[in-house]
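Read the structure below first, then the notes.
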Amino acid sequence: FISEFGGEWSESEIRIPLPSAIRNGITIETKREDGSEIVRIVSPERFGGLLRSFRLPKGRGISGAFWEGEVISIKLD
């Protein structure tokens, strides 16, 4: 999923470029499953209803997320 949108994954963060027009409607949801965290990114239906999920490596979690221009930066702990 990350590479599908031209995103980058490093040790400390995930960066995903997304149009600023959907900024107010993006939701990031997480849940624990089988010892790892599942991350789901959802956009409003009026912007195509984007829904993508990915699994973080075991022992990793999200500590926060914020916008930097047209990129959402998801910080990992």
Side-chain angles (χ1 to χ4, degrees):
F1 160 75
I2 306 301
S3 61
E4 176 183 343
F5 287 93
E8 302 169 352
W9 188 314
S10 72
E11 187 66 27
S12 62
E13 72 180 333
I14 299 167
R15 296 175 51 81
I16 305 169
L18 294 170
S20 60
I22 65 174
R23 176 183 297 225
N24 292 332
I26 289 286
T27 303
I28 299 175
E29 302 171 348
T30 63
K31 72 175 185 173
R32 301 286 300 166
E33 184 178 284
D34 298 327
S36 62
E37 195 162 309
I38 306 293
V39 180
R40 188 165 84 163
I41 299 178
V42 183
S43 76
E45 194 138 333
R46 69 177 186 256
F47 295 111
L50 172 72
L51 170 63
R52 295 290 191 272
S53 299
F54 57 94
R55 182 181 302 267
L56 295 178
K58 287 191 179 205
R60 302 303 305 262
I62 291 180
S63 61
F66 57 91
W67 286 96
E68 296 177 317
E70 291 196 356
V71 174
I72 189 161
S73 179
I74 303 170
K75 297 294 184 182
L76 304 176
D77 58 7

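Just so you know, these numbers come straight off a predicted model, no measurement behind them. These values consider heavy atoms only, across backbone and side chains, with no hydrogens, waters or symmetry-generated copies.
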- Item | Sequence-distant partners of Lys58, side chain to side chain contact (heavy atoms under 4.5 Å, CB included), two or more places apart | Ser36
- Item | For Thr30, side-chain hydrogen bond (donor to acceptor under 3.5 Å, both in side chains) partners two or more places apart | none
- Item | Spatial distance of atom OG1 (Thr27) from atom CZ (Arg40) [nearest 0.5 Å] | 9.0 Å
- Salt bridge or not for Lys31 and Glu33, using N-O below 4.0 Å? yes
- CD1-NZ distance between Ile62 and Lys75, expressed to the nearest 0.5 angstrom: 12.5 Å
- List for me each residue that meets ring pair (Phe, Tyr, Trp, His ring centres under 6.0 Å) alongside Trp9, sequence neighbours excluded, and say none if there are none. Phe54
- Task: Determine whether Ile72 and Ile28 make a side-chain contact, defined as any pair of heavy atoms from C-beta on separated by less than 4.5 Å.
- Result: yes
- Message: Same cluster or not: Val71 versus Val39, using hydrophobic residues (I, L, V, M, F, W, Y) connected whenever any side-chain heavy atoms lie under 4.5 Å apart?
- Response: no
- Task: Would you check if Ile41 and Ile74 make a side-chain contact, meaning some heavy-atom pair closer than 4.5 Å?
- Result: yes
- Item | Inter-residue atom distance Arg52.CZ - Ile16.CD1, 0.5 Å rounding | 11.0 Å
- Query: Excluding sequence neighbours, so at least two apart, what forms salt bridge (Lys or Arg N to Asp or Glu O under 4.0 Å) with Glu11?
  - Reply: Arg60
- Among all residues two or more places apart in sequence or in another chain, which pass the side-chain hydrogen bond (donor to acceptor under 3.5 Å, both in side chains) test with Ser73? Glu13
- Query: Any sub-3.5 Å donor-acceptor pair from Asp77's side-chain atoms to Ser63's backbone N or O?
  - Reply: no
- Task: Would you check, one step at a time, whether the test side chain to side chain contact (heavy atoms under 4.5 Å, CB included) holds for Ile38 with Leu56?
- Result: CA-CA 6 Å; Ile38 306 293; Leu56 295 178; over 6 Å; no
